[in-house]
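Worksheet for the structure shown next.
Residue numbering restarts at 1 for every chain, and letters A, B, ... go by the order of the sequence lines. Reckoned from all heavy atoms, side chains included, excluding hydrogens, waters and symmetry mates.
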Amino acid sequence: MSIDSRPPTDPASTLDVRFRAAIHAVSSLDADPQIRPSTNPAFGDYQANAAMSLAKVTKGNPRELANALAACVDLTGIAEPAVIAGPGFLNIRLESAFIVAMLSAMDNATLGIEPTKETHAAVVDLCGVNVAKQMHVGHLRATIIGDTIARVFERLGRKVWRENHLGDWGLPIAMTLAALRRSHVDLDQLSLTHLNDAYRRAQLEGRHDDAGLAAARATDAGPHRLFELLAQEESAGEAIKDAKSTLLRLQGGDTEVVAAWQKIIDCTMREVYDSTSTLNAKVTAEHNRGESFFRDRLAPVVDAFLQAGFAKEDKGAIIVPFADRERPLLIRKSDGGFLYATTDLAALRFRTHDLDGSRVIYVVDARQRDHFKDVFDAAALIGWDRTKDGNKSEITHLGFGTVLGKDKRPLKTRSGENFTLKDLLDEAMERGVAEVTRRAEDPHAPTHGMPTADLTRIGRAVGIAAIKYADLSNDLTKDYVFDLDRMVAFEGDTGPYLQYAHARIANILAKSKDSASEIAATPHAVAEPAERALALHLLRYPQMVQDVARTLETNRIGAYLRTLAECFNAFYQSCPVLKSEDTTLRRARLRLCALARHVLQDGLSLYGIDAPERM
RNA sequence: GUCCCGGUAGCUCAGUUGGAUAGAGCAGCGGCCUUCUAAGCCGCAGGUCGAUGGUUCGAAUCCAUCCCGGGACGCCA
């Protein structure tokens, strides 16, 4: 699928080529040699697992085939002769000289990552805030997961569009606007608290919706939906008329209403940018492209589907039916209004065609899975899943799990009293600063005597790292229980653990009397097992980044970095660096330290986590 | 009712896409600092990988059927 080749500095790439040739020579097949890192260091560094599955195809004996491959494969200058084990595993131990050569090849600014050959853009839908609503912990996920995905593509040299698809248009906003106007709030003194109150009040005042109720009954919709609609019907009233007239004025370009609308957007976004900046997520004003941007493209969407014959009228509404399922996609309401599906179709077309995205990724709550399936399928019907030059785009809904409360029920904003994102970030930073300050009191601590401003900066970075790592290092698709104490833990498998490893390395390098040029001029060396293990893991970095771009599994970054930190800690334990009397050995170890620090910092940057020099 | 997602140690989770003896962290117990940073390292203990059957050299991973939990299901986003 990927047009990019395997990283040249990864030993698995070379082994793949050599074993592929051997398989071809032995069986005249072009098969995956199944090169994997060894599960146990006692077996060697890598293993080739192809013999077993290949024997199935050739109807041969797996051990004989493994024997033939071992005899045939050319590992000159790479590894010792392959050793057969078990049912047909081929165990491979690399030559140290080869590891050193690969290490030297990746020890530069690129860290072995070659720029992608893909010239089309990647588009990442992230953040997705609603105007007039405060960010809650769910927005944390949509923001930092999306930011990390974007950073990975950027790291591979790809053009990336971060799209913050704001909910800034339509009836909900009009309701809030109307509620604000009724309560005579001075819009120039507007605070997010005012906005939240108005939004909640507007929601409570409800929506009158008997067409929906009838449809829900007729189509045997779930009880949840019916309940909601019934609740709304009871509280319908004057508010809805006011909101609808406000919406009409907004859509008509009424200067007064548009000015008010702009003010509530500005007010909302001030705090959003505050939070994204704190999170070190690259989401700013330039990434805004909300629903209002697409308002003039909605009618053409419906027309296009009708003209192409993919849409039809049903009970006064316009729907796109699908061949393989009952549920259609509704793109125009019976009252002529458009829906979020309509906006999403317009946005998808814009992203593939106008932004030239051959990869479009929606970082949105997993509960919208069915909705996106429908939107993507509808787009495919009409051919909107293609870039300008007609290339098929890969469109993915990266649905992340719901954030649950301690009762394992979803945290709902309407309950009102749950943690806002701002509360969470403030708490994390406060704890981080307290911890860093406390540790700095130890006279032996490298942070001892540092100015308060520096300790605060480090403490905040530690707190934010804890939050981000806790989220990004788990399987994105799973729900998780929101537990503040666990999220801001600083020990064990945490963000600060990685920062600590980085600070340790940085401290060694800072204390070294050897100059950077002296270190860089010294050859790498991997004599000790801990050095070797560290080196082998460093060499896997470029492939890991490629894997994340392919699978969008951000937890692979965390797992890689944790293992890297573990490898370094083992090295730190058993291989003295500055205490080494031998100049060549000391400098070789310093060079390994420098490379490890570089990779750790680079990897943390994919998560948007700062790596302080001291902590 | 239809469809989707999940179930791994007491708790929270990994498991490199079918590989060798299922791994971490927290919690528990026991070790290691006159320090290249103990936010660390080493050890002990902890498992019917929801259940049953199947596919094969080999299954936590793939298939089938159940059980349990969660979610979505046309005029909200």
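Separation of the A/Phe568 and A/His502 ring centroids does not fall under the 6.0 Å cut-off.
Across all strands shown, B/rA51 forms a Watson-Crick or G-U wobble pair, both distances under 3.5 Å, with B/rU65. Using Watson-Crick or G-U wobble geometry with both donor-acceptor distances under 3.5 Å, B/rC57 finds its partner in B/rG19. Across every strand in view, B/rA45 sits unpaired, with no contact that passes the Watson-Crick or G-U test at under 3.5 angstrom. Using Watson-Crick or G-U wobble geometry with both donor-acceptor distances under 3.5 Å, B/rC73 finds its partner in B/rG1. Pairing for B/rG25 is with B/rC11, a Watson-Crick or G-U wobble pair whose two hydrogen-bonding atom distances lie under 3.5 Å. Base pairing annotation: B/rC33 forms no Watson-Crick or G-U wobble pair, as no partner gives both donor-acceptor distances under 3.5 Å.
Residue-level contact check: A/Tyr480 touches the backbone only, with heavy atoms under 4.0 Å from sugar-phosphate atoms and none from bases. Backbone-only contact: A/Asn555 has heavy atoms under 4.0 Å from sugar-phosphate atoms and none from a base. A/Glu291 comes within contact range of the sugar-phosphate backbone alone, with a heavy-atom separation under 4.0 Å but no base atom that close. Among the protein residues, A/Ala503 comes within range of the nucleic acid bases, having at least one heavy atom under 4.0 Å from a base atom. Counting non-hydrogen atoms under 4.0 angstrom, A/Asn474 reaches the backbone sugars and phosphates but no base. Note on A/Arg540: nothing from the nucleic acid sits closer than 4.0 angstrom, heavy atoms only. Heavy atoms of A/Leu339 sit under 4.0 angstrom from primed sugar atoms or phosphate atoms, though from no base atom. Heavy atoms of A/Gln543 sit nowhere under 4.0 angstrom from any nucleic acid atom. Contacts of A/Arg439 with the nucleic acid, taken as non-hydrogen atoms under 4.0 Å apart, include base atoms. Residue contacts shown for A/Asp442 are absent, as no nucleic acid heavy atom lies under 4.0 Å away. The residue A/Pro62 sits apart from the nucleic acid: no heavy atom pair falls under 4.0 Å. Using a 4.0 Å heavy-atom criterion, one finds that A/Val129 contacts no nucleic acid atom at all. A/Met615 comes within contact range of at least one nucleobase, with a heavy-atom separation under 4.0 Å. A/Phe89 comes within contact range of at least one nucleobase, with a heavy-atom separation under 4.0 Å.
Using a 5.5 Å limit on the distance between ring centres and a 30° limit on the angle between planes, the aromatic ring of A/Tyr500 does not count as stacked on the six-membered base ring of B/rG40.
A donor and an acceptor atom sit less than 3.5 Å apart, one in the side chain of A/Gln47 and one in the base of B/rA20. Contact of A/Asp374 with B/rA72 (side chain to base): no donor-acceptor pair of N or O atoms is detected under 3.5 Å.
Of the candidates B/rA39, B/rU16, B/rA14, B/rA14 carries the atom nearest the A/Asp475 side chain, counting heavy atoms from C-beta on. Residue A/Thr551 has its side chain nearest to B/rU17 when only B/rG71, B/rG70, B/rU17 are considered. Listed nucleotides: B/rC75, B/rC57, B/rA20. Nearest to the side chain of A/Lys56: B/rC57. Comparing atom distances between the A/Glu435 side chain and each of B/rC36, B/rC41, B/rA39 picks out B/rA39 as nearest. The side chain of A/Asn507 sits closest to B/rC36 out of B/rC36, B/rC57, B/rC75. The nucleotide whose nearest atom lies closest to any side-chain atom of A/Arg562 is, among B/rA39, B/rA14, B/rU12, B/rA14. Side chain of A/Tyr572, nearest nucleotide from B/rC41, B/rC75, B/rC36: B/rC36. Here B/rG71 is the nucleotide among B/rU16, B/rG74, B/rG71 with the atom lying nearest to any side-chain atom of A/Arg367. Distance from the side chain of A/Pro172 is smallest to B/rC76 among B/rC76, B/rA39, B/rC36.
Regarding contacts with the backbone of B/rC73, every side-chain N or O of A/Arg325 stays at 4.0 angstrom or more from both OP1 and OP2. Put simply, A/Arg332 has no side-chain N or O that comes within less than 4.0 Å of OP1 or OP2 on B/rG74. Between A/Asn569 and B/rA39 there is no side-chain N or O to OP1 or OP2 distance below 4.0 Å. Listed pair A/Asn49 / B/rG19 fails the phosphate criterion, with no side-chain N or O lying under 4.0 Å from OP1 or OP2. Applying the 4.0 Å criterion to OP1 and OP2 of B/rA72, one finds that A/Lys373 has every side-chain N and O outside that range.
A donor-acceptor contact shorter than 3.5 Å links the side chain of A/Arg589 to the backbone of A/Pro576. Looking only at distances, a side-chain donor or acceptor of A/Asp483 sits under 3.5 Å from a matching main-chain atom of A/Asp485. Proximity of a side-chain donor or acceptor of A/Glu531 to a complementary backbone N or O of A/Glu528 within less than 3.5 Å is detected.
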Between the protein and nucleotides 2-10 of chain B, which nitrogen or oxygen pairs come in under 3.5 angstrom?
residue: B/rC4; atom: O2'; partner: A/Arg369; partner atom: NH1; Å: 3.3
residue: B/rC5; atom: O4'; partner: A/Arg369; partner atom: NH1; Å: 3.4
residue: B/rG7; atom: OP1; partner: A/Lys478; partner atom: NZ; Å: 3.3

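The interatomic distance linking A/Leu498 (CG) with B/rG25 (P) rounds to 13 Å, in whole Å. To the nearest angstrom, P of B/rA24 lies 12 Å from CG of A/Asp493. Separating the NZ atom of A/Lys511 from the P atom of B/rC36 is a distance of 8 Å, rounded to the nearest angstrom.
For the side-chain contact (heavy atoms from CB on, under 4.5 Å) test with A/Tyr480, the passing option among A/Asp471, A/Thr402, A/Asn474 is A/Asp471; the others fail. Looking at A/Val436, A/Val462, A/Asn507 one by one, the single match for side-chain contact (heavy atoms from CB on, under 4.5 Å) with A/Met615 turns out to be A/Val462.
Comparing A/Gly316 and A/Asn91, the nucleotide of RNA chain B nearest to each residue sits closer to the 5' end for A/Asn91. Mapped onto RNA chain B by nearest heavy atom, A/Ala341 and A/Ala559 fall at different nucleotides, with A/Ala559 at the one closer to the 5' end.
With a 6.0 Å radius and a threshold of 12 heavy atoms from other residues, nucleotides or ligands, A/Arg460 has its CZ atom at or below the threshold.
Looking only at atom types and distance, the side chain of A/Asp475 has a donor-acceptor partner in the side chain of A/Thr477 under 3.5 Å away.
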Intermediate values then yes/no, salt bridge (charged side-chain N to carboxylate O under 4.0 Å, His left out), A/Asp370 and A/Lys373:
CA-CA 5 Å; A/Asp370 289 350; A/Lys373 180 176 171 50; over 6 Å; no

Test log, rule side-chain hydrogen bond (donor to acceptor under 3.5 Å, both in side chains), inputs A/Tyr497 and A/Asn569
CA-CA 11 Å; A/Tyr497 172 82; A/Asn569 281 329; 3.0 Å; yes

